[in-house]
Amino acid sequence: MPATSYSRAQIWLHWSIAVLILVQFLAHDGMEHVWRAFRRGQEAAASDIPLAYMHVVVGLAVLVLASWRLWLRATRGVPPVSGMEHPALQFLARATHFVIYALIFIVPLSGAAAWFLGVPGAGLAHVLGKDILLYIVLLHTAGALVQHFLLKSDVLRRMLSFGQA
Ligand code: HEM
Ligand code: HEM
């Protein structure tokens, strides 16, 4: 049977990943300083090192939660995108979700490839990827708010119904 709502786990995963990504965007200075020092062959400031490790741990947590989320999507399914709007908007919603899914893997994996393996170009892919992620999430958020406040659909409510089984 196709799913008609998001499960509690899918909703918690959606918002936990969103919060962790927000943390990454707000607290990346330590990682940037340590990374710059490393590339210049200099010693990193002691105060930056815990922040750099936090960036790694939080980023890897996003990767683990994203894998769990994709697995749930494949096994349990998700409700169909809202039928209220124009087919072009439904396509935009699906395309946006696809790109976000791709980026919540590409961004932490490219970061890990730069940090653990020193893969050339991985740092650049990471920085470009997080920029695209930022803009696409802004578009996604605007879409959700338009759905809720202008089109009066239940799309945002179903992603907030934490009581679902
Ligand atoms: C979804 C997860 C992640 C997000 C949203 C994220 C976000 C960011 C942001 C905003 C920066 C600052 C870039 C800049 O403006 O210069 C950055 C830098 C960096 N991050 Fe992440 N990050 C994530 C995961 C990771 C992971 C898992 C690792 C390593 C295991 C990592 C390693 C790095 C490195 C090495 C840099 C410095 C790259 C450079 O400046 O060239 N990141 N990240
Ligand atoms: C970094 C932040 C975010 C990420 C990575 C993210 C990611 C996603 C993804 C991948 C989906 C598709 C779920 C699926 O079908 O499997 C989704 C759905 C959704 N997101 Fe987000 N999201 C973020 C922030 C937000 C914010 C801030 C809002 C609201 C203001 C929001 C509202 C929604 C809604 C309402 C849905 C359900 C759409 C539908 O059922 O058609 N998201 N999100």
Side-chain angles (χ1 to χ4, degrees), residues 3-7 9-11 13-39 44 48 51-66 68-74 76-85 89-90 92-149 151 153-161:
T4 52
S5 62
Y6 291 102
S7 69
Q10 283 172 312
I11 295 171
L13 283 168
H14 174 271
W15 294 111
S16 313
I17 292 172
V19 168
L20 294 180
I21 289 179
L22 184 67
V23 169
Q24 294 296 73
F25 276 101
L26 294 178
H28 58 78
D29 282 359
M31 169 54 94
E32 263 182 86
H33 297 161
V34 170
W35 186 247
R36 197 178 316 138
F38 169 74
R39 293 186 55 133
D48 284 326
L51 287 171
Y53 278 116
M54 186 185 92
H55 187 88
V56 171
V57 170
V58 172
L60 292 179
V62 169
L63 189 60
V64 171
L65 297 183
W68 182 6
R69 181 155 174 205
L70 204 57
W71 178 76
L72 276 180
R73 191 179 211 280
R76 180 197 180 271
V78 290
V81 292
S82 163
M84 287 183 69
E85 67 288 293
L89 290 179
Q90 292 193 13
L92 184 65
R94 279 200 204 93
T96 306
H97 293 170
F98 177 82
V99 175
I100 295 180
Y101 268 119
L103 287 170
I104 57 181
F105 285 90
I106 292 171
V107 170
L109 283 173
S110 55
W115 181 257
F116 293 115
L117 306 172
V119 173
L124 182 62
H126 187 65
V127 173
L128 290 177
K130 63 87 186 158
D131 281 341
I132 302 172
L133 180 63
L134 176 65
Y135 290 115
I136 201 112
V137 163
L138 289 178
L139 176 69
H140 171 70
T141 305
L145 296 178
V146 166
Q147 283 268 358
H148 188 72
F149 291 108
L151 302 178
S153 80
D154 67 342
V155 166
L156 183 56
R157 267 190 304 274
R158 69 187 184 184
M159 196 41 110
L160 288 167
S161 317

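By convention here, the first residue in the shown sequence is residue 1. Atoms within a ligand are numbered from 1 in the order they appear, just like the ligands themselves.
- Using a non-hydrogen distance threshold of 4.0 Å, H148 does not register as a contact of ligand 2.
- Counting heavy atoms closer than 4.0 Å to ligand 2, residue Q147 contributes nothing at all.
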Please tabulate, one pair per line, all N/O donor-acceptor pairs under 3.5 Å involving side-chain atoms of residues 102-118, not counting sequence neighbours.
residue	atom	partner	partner atom	Å
S110	OG	I106	O	2.8
S110	OG	V107	O	3.0
S110	OG	H126	ND1	3.4

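- Neighbouring protein atoms of atom 21 (Fe) of ligand 1 (N, O or S, distance under 2.8 Å, waters ignored): H55 NE2, H126 NE2.
- Those atoms of ligand 2 that come under 4.0 Å of a heavy atom in Y101, given as number and element, are 10 (C), 13 (C), 14 (C), 16 (O).
- Residue L156 approaches ligand 2 through these ligand atoms, each under 4.0 Å from one of its heavy atoms: 29 (C), 35 (C).
- Contact atoms of ligand 1 toward A112: 28 (C), 29 (C), 30 (C) (distance under 4.0 Å to a heavy atom of the residue).
- Inside a sphere of radius 2.8 Å centred on atom 21 (Fe) of ligand 2, the protein N/O/S atoms present are H14 NE2, H140 NE2.
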Expected list for residues 52-63: side-chain donor-acceptor pairs under 3.5 angstrom, two or more places apart:
none

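- Atoms of ligand 2 lying under 4.0 Å from any heavy atom of R158, numbered from 1 in the order shown and given with element: 39 (C), 40 (O), 41 (O).
- Against a heavy-atom cut-off of under 4.0 Å, L60 is close to the following atoms of ligand 1: 27 (C).
- Of all the heavy atoms of F25, none lies under 4.0 Å from any atom of ligand 2, so neither backbone nor side chain is involved.
- Ligand-side atoms of ligand 1 in range of F116: 30 (C), range being under 4.0 angstrom from any heavy atom.
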